[in-house]
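Worksheet: one structure, shown below.
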Amino acid sequence: MRATMRGMTNAIRTRGLTKRYGGRAVVDGLDLDVPAGVVAGLIGPNGAGKTTTLRMLLGLVRPDAGDGSVNGAPLGRPAAYLPWVGAMIEGPAFYPGLSGARNLAVQAALGGLDPAGIPALLARVGLTGDKPFQRYSLGMKQRLGIAAALLGDPALVILDEPANGLDPAGIRDMRGIVRSINDDGRTVLVSSHLLSEVQQVCDWLIVIGDGRRLFQGPTSELLAGGGDLEEHYLSMFTATFTATEGRSS
Ligand SMILES: Nc1ncnc2c1ncn2[C@@H]1O[C@H](COP(=O)(O)OP(=O)(O)O)[C@@H](O)[C@H]1O
Ligand SMILES: [Mg+2]
């Protein structure tokens with residue numbers, strides 16, 4: 001984690017960020033602050049609105065209300081900040097017949113990016129890059145997706161559920177990769193539906209349920225209430241669930 005957790009700068013800031021589908025707010029007035037230099041975890045059960053939130057930050061989904069900034073540039077002008085953002089969202093697309101290395105070369109060419117760093121990027125994520133993508137395991141696909149997200153030497157890296165579906169060893173490797181990306185001085189925002197997958201690597205946590213923010217702050221603050229983190233996490237959803245039941249009856 002970098003010194004910037006003092007609160008001088010935010011890599012991501014949103015106020016009242018909202019997205020509705022079919023009249024339902026799936027992201028509901030989110031106020032997010034991700035300090036520059038941290039590994040931040042966006043945590044919530046399936047359907048909580050994590051991917052929709054990340055898509056809005058990346059200019060892929062247009063918010064229905066609210067505003068914000070990424071790397072200091074307004075959310076409404078993604079072209080102003082996207083050159084410094086790398087992302088992997090929901091199963092990145094690669095050419096099945098091309099090797100990992102060739103796929104990265106294609107993406108670099110399409111993005112006008114320097115391909116010189118590709119061998120080092122592959123080594124960084126633990127791939128040799130010579131097998132065709134169609135023969136990659138899920139973990140290898142996730143690793144290649146992360147390498148692709150790093151191609152443009154981004155200041156902010158957004159990874160949507162990079163540990164999803166991996167075995168314990170794969171999850172451990174993923175945490176190591178996330179940590180090494182942060183050691184380079186990059187801010188990382190990583191989502192997960194399981195707190196336990198990412199809590200060890202996160203300096204900063206945002207917990208959401210039903211599109212609403214349930215907690216935001218340093219991981220240590222969530223821990224400070226006593227008990228373990230997972231217990232706190234679960235109790236937040238129990239509270240939400242009870243409140244929701246109360247409303248609908
Ligand atoms: N394009 C869409 N059209 C309609 N509903 C959507 C769309 N995208 C997401 N949703 C709904 O929004 C909710 C939040 O989805 P999502 O952001 O993918 O959650 P998460 O990533 O936390 O699992 C879910 O109920 C999902 O079905
Ligand atoms: Mg999702």
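As the structure is a computational prediction, the values presented were derived from the model and not from experiment. Whatever order the structure lists them in is the order used to number ligands and atoms, beginning at 1. In what follows, every heavy atom counts, from backbone to side chain, and hydrogens, waters and symmetry copies are set aside.
Comment: R124 engages D184 in a salt bridge, judged by a side-chain N to carboxylate O separation of less than 4.0 angstrom. Looking at K50 and E161, a side-chain N of the basic residue comes within less than 4.0 Å of a carboxylate O on the acidic one, giving a salt bridge. With respect to R212 and D28, a salt bridge is recorded, a charged nitrogen being found less than 4.0 Å from a carboxylate O.
Those atoms of ligand 1 with a heavy atom of N46 less than 4.0 angstrom away are 23 (O). Within the listing of ligand 1, atoms 22 (O) sit less than 4.0 angstrom from a heavy atom of P45.
Side-chain contact annotation: D160 with S191, donor-acceptor N/O pair under 3.5 Å present.
Within the 4.0 Å heavy-atom shell around ligand 1 one does not find G44.
I171 approaches A163 most closely through the heavy-atom pair CG1-O, 3.9 Å.
Residue side and main chain included, T51 places an N/O/S atom under 2.8 Å of the Mg ion (ligand 2).
Here the shortest heavy-atom distance to atom 16 (P) of ligand 1, taken over L42, I89, T53, T52, belongs to T52.
Among all non-hydrogen protein atoms, the one lying nearest atom 10 (N) of ligand 1 is Y21 CD1, 3.7 Å. In this structure, the protein non-hydrogen atom closest to atom 25 (O) of ligand 1 is R24 NH2, 2.7 Å. Ranking the protein heavy atoms by distance from atom 14 (C) of ligand 1 puts G47 O, 3.4 Å first. Among all protein heavy atoms, the one lying closest to atom 12 (O) of ligand 1 is V26 CG1, 3.2 Å.
When side chains are defined from C-beta on, L195 counts as touching L205, because their heavy atoms get closer than 4.5 Å. In this structure, R13 and V34 have side chains that are not in contact, with every pair of non-hydrogen atoms separated by 4.5 Å or more.
When only interatomic distances are considered, the shortest N/O to N/O separation between G49 and ligand 1 falls below 3.5 Å. An N or O contact shorter than 3.5 Å links T51 to ligand 1 by distance.
The main-chain N or O of G170 is found under 3.5 Å from a side-chain atom of D167 such that the two form a donor-acceptor pair.
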